[in-house]
Asker: 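Before anything else, here's the structure in question.
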Amino acid sequence: PPSVNPERNGTELFLKAAPLVDDDKTLLHTNPIPAMKMVAPGKAVVCASQPQVREPGEGGFTNSWDETVAAVDQNKEALMLLRQIIDRPEMDFHIHYEQGFYDGNFLTNLHLVTLKQAVLHLKSAAMNDLHQGNSESAVENVRAALTLANAVQNERLEITELVRLAMATLAQGATWELLQATNLTDAQLSTLQSDWTQFNALQGSRDALNMENIVGDIEVARWRDSNRELNKLISLFRNASSSLGVEAVEPTLFQRAKQSGQIFLWRYWWSYSDELRSLKGQTALMEAIRSAETTGSFLPAFERQQARLHELGFDKLDDPFSAVFSGELNFHSMLSGSILVLGNAFKKVMRAECMQHMTVTSIALKRFQLEHGHLPEKLSELAPKYLSIIPLDPVDGQALRYRLNADGSFTLYSVGENGKDDNGNPGLEPGAKSSSLQWQSPHALDWVWPQPATEAEIQAFYENQAASSD
C-alpha cells in the first residue's frame, strides 16, 4: 500500500487510545449500548429514546442511562483521542507483508479487535449523546467510528476487510439513530454524508484479494523451498485445533513417515496442480469484482462466479476450516481450499455496498426534509443539491426503490439477495425460518430501510422474548 501522508496519519492517536480501550472494564466494554434494535421486519427501536438501556434475550442486560453517563465519562480520554482521528483519517501499522501470513510476527501489527471495540465505544458514546439531546457530540462520535473503518482500508487484507464491514455496520446503526433526532442541522448531516460516501467496500475487497494473492505467492515459494517451513504450517494448524479444544494426539512413527512422504510429494508434484486450480479460482473472484465495479450489479456477477467455481470443481473440495478442527492438512487442496471462503465473502461486500448506498440516500432524504418540511415524491428530487447522483441498488444495478407513504413516512429498499422486487416487503421468503430480525437478512424478501417501531410493536417484541426464555 502507498505510504501515509504524515499530516493525515492518525496511527499515533489510535495507539495512545488502544490500551485505554483494551483495559476498560465499564459497561461500554461489557454491555455496549444497542442501536437500531430490530423488533419486527422493517421496524427498529429508537434505542436512544428508551427509558433504559436494554438488550433483551438470554444473556441480555439492562442498564440505566446514569450508568452509561458514568461509563462514558470514565472513557473520556480514549474517546477524545479517537475523535481526533477524524482530522487524521489514515493509519499505517507497518505490516510486514513480505513475511507471509503464517509467520509468527505477521499478525502482531494488526489491531483489529481493538479497532472494533473502539467503534463499539464510540457508538455507545453517540447513543448516550442522543439520549441527552446532544446531537453535535453524537455526530462527532459516529464520524469517528466511520473514520476508523475507512482508515484501515489500505491494509488490503481479507481479515481486515471483514472487520471493516462489521465496523461500518455498527456505525450504520448509530447513523440510523441519529436520523431519528429532531435537532440536527444540515451542516452536520452534510459532513456525515460525505464520510459515508467515502466508505468503499468493493474497492477494499478488490485490493484485499490482490494482496492475498501476492502474500500467498510468498508462502508457496517458502513452503516449496524447505520441509521446515511446511512443517511450521502443519504445527500451526495443530496448535489451532488444540486451542479449539481438540485433543492433541502424538503422531505414530507410521504417521510421521506418511507425512514426510506427503510433504515431499506436495513440494515436487501435488502443489503445482493445486496452485493452478487456485489461480483459476482467484481469476473467477477477480472477474466477479470487476464485473460488479463496471455494471454496478452484484448478483449476476456472483452467480457467474459461483458457476465458474463449480465448473472448476471447488464445491467438491474439503471445507478449509476442517483442517483447523482436525489438525490435518489436505495436501491436495491446501492452496485452493480457501477460494470458496473468499468467494462467499462477495455477498458480504454486496450487503455492505447496499447498506452504504441506502445510508447515504437516507441522510440526503433527511436533509431535504429539514429544508422543505416534507419528503420528496421521488429520489430524483435529491439531485444535484443533496446528492450528485442517485445511488443505485448494488444487487441488480437498478435504481433504489423509493416511495412516499400516505402517513408522511417513506419506504426505501433494495431487492435483496433473491434479486426480485417484492414491493418493499421486509418479511422472510415463504418457508424460510430465522431467529434474526436483521434488516439485510439473506432470507428477507426485500432489504427495507427500517422505520421506527411503534410502542405496541416494541411491547410485543419484549413479550415474545420473555415467553421464549421461560
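Note that the numbering runs from 1 along the sequence shown for the chain. Only a predicted model underlies this, so the values are computations on that prediction, with no experimental measurement involved.
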Asker: Measure across Phe346 and Ala301 and return the closest heavy-atom pair with its distance rounded to 0.1 Å.
Answerer: CZ-CB, 4.1 Å
Asker: Any side-chain donor paired with an acceptor under 3.5 Å for Asp421 and Tyr413?
Answerer: yes
Asker: Between Lys366 (side chain) and Leu179 (backbone), is there a donor-acceptor pair under 3.5 Å?
Answerer: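 Checking the backbone N and O of Leu179 against the side chain of Lys366, a donor-acceptor pair under 3.5 Å is found.
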Asker: Applying side chain to side chain contact (heavy atoms under 4.5 Å, CB included), run through Asn154 and Glu90 and close with a yes or a no.
Answerer: CA-CA 9 Å; Asn154 256 344; Glu90 298 179 21; 6.0 Å; no
Asker: For Glu293, look at atom CD and say whether over 12 heavy atoms of other residues, nucleotides or ligands are found less than 6.0 Å away.
Answerer: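 Enclosed.
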Asker: Test side chain to side chain contact (heavy atoms under 4.5 Å, CB included) on Leu15 and Phe93; report intermediate values, then the result.
Answerer: CA-CA 9 Å; Leu15 292 178; Phe93 295 121; 4.1 Å; yes
Asker: Do Trp447 and Trp439 have ring centroids that are under 6.0 Å from one another?
Answerer: no
Asker: Donor-acceptor pair, distance only, cut-off 3.5 Å: does the side chain of Gln440 make one with the backbone of Arg351?
Answerer: yes
Asker: For the side chain of Ser205 and the backbone of Ala201, is there at least one donor-acceptor N/O pair under 3.5 Å apart?
Answerer: no
Asker: Can you tell me how the ring of Trp196 sits relative to the ring of Phe199, calling it parallel under 30°, perpendicular over 60° and tilted otherwise?
Answerer: perpendicular
Asker: Given 3.5 Å as the limit, does a donor-acceptor pair link the side chain of Glu158 with the main chain of Glu212, or not?
Answerer: no
Asker: So Pro41 and Leu428, do their side chains get closer than 4.5 Å, heavy atoms only?
Answerer: no
Asker: So, the side chain of Lys123 versus the backbone of Ile33: is there a donor-acceptor pair under 3.5 Å, distance only?
Answerer: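 A pair under 3.5 Å: yes.
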Asker: In Å, rounded to the nearest 0.5 Å, how long is the span from OG1 of Thr361 to CD of Gln193?
Answerer: 8.5 Å
Asker: Do Arg224 and Glu275 have side-chain heavy atoms sitting under 4.5 Å apart?
Answerer: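 Side-chain contact under 4.5 Å: yes.
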Asker: For the residue pair Phe14 and His111, does the interplanar ring angle fall in the parallel (under 30°), tilted (30 to 60°) or perpendicular (over 60°) class?
Answerer: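 Phe14 and His111: perpendicular rings.
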Asker: Between Arg222 and Asp225, does at least one N-O distance fall below 4.0 Å, as a salt bridge requires?
Answerer: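 No, Arg222 and Asp225 are not salt-bridged.
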Asker: Kindly compute the distance separating CG (Leu110) from CG (Leu157), expressed to the nearest 0.5 Å.
Answerer: 6.0 Å
Asker: Which pair of heavy atoms, one from Ala171 and one from Val142, lies closest together, and at what distance?
Answerer: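 The answer is O-CG1, 4.1 Å.
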Asker: State which residue, out of Leu13, Val119, Leu122, fulfils the side chain to side chain contact (heavy atoms under 4.5 Å, CB included) condition with Leu82.
Answerer: Leu122
Asker: Tell me yes or no: between the side chains of Arg143 and Thr191, is some donor less than 3.5 Å from an acceptor?
Answerer: no
Asker: What is the distance from atom CG of Asp446 to atom CZ of Arg401, rounded to the nearest 0.5 Å?
Answerer: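 The CZ atom of Arg401 is 8.0 Å from CG of Asp446, to the nearest 0.5 Å.
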Asker: Specify the closest pair of heavy atoms between Val45 and Ala453, including all atoms of both residues, with the distance to one decimal.
Answerer: N-CB, 4.4 Å
Asker: Closer than 3.5 angstrom, by distance alone: can the side chain of Glu177 be matched with the main-chain N or O of Met36 as a donor-acceptor pair?
Answerer: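 Checking the backbone N and O of Met36 against the side chain of Glu177, a donor-acceptor pair under 3.5 Å is found.
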Asker: Using distance alone, with no hydrogens and no angle criterion, decide if Glu287 and Thr283 have a side-chain donor and acceptor under 3.5 Å apart.
Answerer: no
Asker: Quick one: does Gln451's side chain get under 4.5 Å of Lys43's, heavy atoms only?
Answerer: yes
Asker: With a 4.5 Å cut-off on side-chain heavy atoms, are Leu382 and Ile390 touching?
Answerer: yes
Asker: Could you tell me if the side chain of Glu219 sits less than 4.5 Å from the side chain of Glu229, heavy atoms only?
Answerer: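 Answer no - side chains too far apart.
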Asker: Taking all heavy atoms of Gly419 and all of Val395, pick out the closest pair and write down the distance.
Answerer: CA-CG1, 4.4 Å
Asker: Between Leu112 and Glu155, is the side chain to side chain contact (heavy atoms under 4.5 Å, CB included) condition met? List the steps.
Answerer: CA-CA 11 Å; Leu112 300 179; Glu155 277 190 0; 4.2 Å; yes
Asker: Taking the basic N atoms (NZ, or NE/NH1/NH2) and the acidic carboxylate oxygens, is any pair closer than 4.0 Å for Glu311 and Arg308?
Answerer: yes
Asker: Work out which heavy atom in Met91 is nearest to a heavy atom in Gly10; give both atom names and the distance.
Answerer: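 Smallest interatomic distance, heavy atoms only, reads CG-C, 3.9 Å.
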Asker: Quick one: CD on Glu429 to NE2 on His443, what's the gap to the nearest 0.5 Å?
Answerer: 7.5 Å
Asker: Indicate whether any N or O donor in one side chain lies under 3.5 Å from an N or O acceptor in the other, for Asn423 and Arg403.
Answerer: yes
Asker: Would you check if the side chain of Lys25 reaches a backbone N or O of Asp23 as a donor-acceptor pair within less than 3.5 Å?
Answerer: yes
Asker: Which heavy atom of Pro430 sits nearest to which heavy atom of Leu445, and what is that distance?
Answerer: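 Minimum heavy-atom contact is CD-CD2, 4.2 Å.
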Asker: Would you call Asp393 and His357 a side-chain contact if the rule is heavy atoms closer than 4.5 Å?
Answerer: no
Asker: Supply the atom-to-atom distance Ile289 CD1 to Thr294 OG1, rounded to the nearest 0.5 angstrom.
Answerer: 11.5 Å
Asker: Under a 3.5 Å cutoff, is there a donor and acceptor pairing between the side chains of Gln153 and Asp207?
Answerer: no
Asker: With a 4.5 Å heavy-atom cut-off, do Arg277 and Leu335 have their side chains touching?
Answerer: no
Asker: Taking the inter-plane angle between the rings of Trp266 and Trp223 on a 0 to 90° scale, is it parallel (under 30°), tilted (30 to 60°) or perpendicular (over 60°)?
Answerer: perpendicular
Asker: Do Glu98 and Val215 come close enough that some side-chain heavy atom pair is under 4.5 Å?
Answerer: no
Asker: Given salt bridge (Lys or Arg N to Asp or Glu O under 4.0 Å), test Arg164 with Glu161 step by step and report yes or no.
Answerer: CA-CA 5 Å; Arg164 223 168 61 83; Glu161 282 305 297; 3.0 Å; yes
Asker: Within the distance-only criterion (no hydrogens, no angle test), does the side chain of Asp274 pair as donor or acceptor with the backbone N or O of Trp270 below 3.5 angstrom?
Answerer: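 Looks like no, no N/O pair under 3.5 Å.
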Asker: Out of His121, His29, Gln117, which residue meets the side chain to side chain donor-acceptor pair (under 3.5 Å) rule with Asp24?
Answerer: His121
Asker: Report the distance from atom OG of Ser362 to atom OH of Tyr402, rounding to the nearest 0.5 Å.
Answerer: 10.0 Å
Asker: Run the side chain to side chain contact (heavy atoms under 4.5 Å, CB included) check on Arg88 and Thr11 step by step: do they pass?
Answerer: CA-CA 8 Å; Arg88 304 177 75 89; Thr11 309; over 6 Å; no
Asker: Salt bridge or not between Glu140 and Arg83? Use side-chain N to carboxylate O under 4.0 Å.
Answerer: no
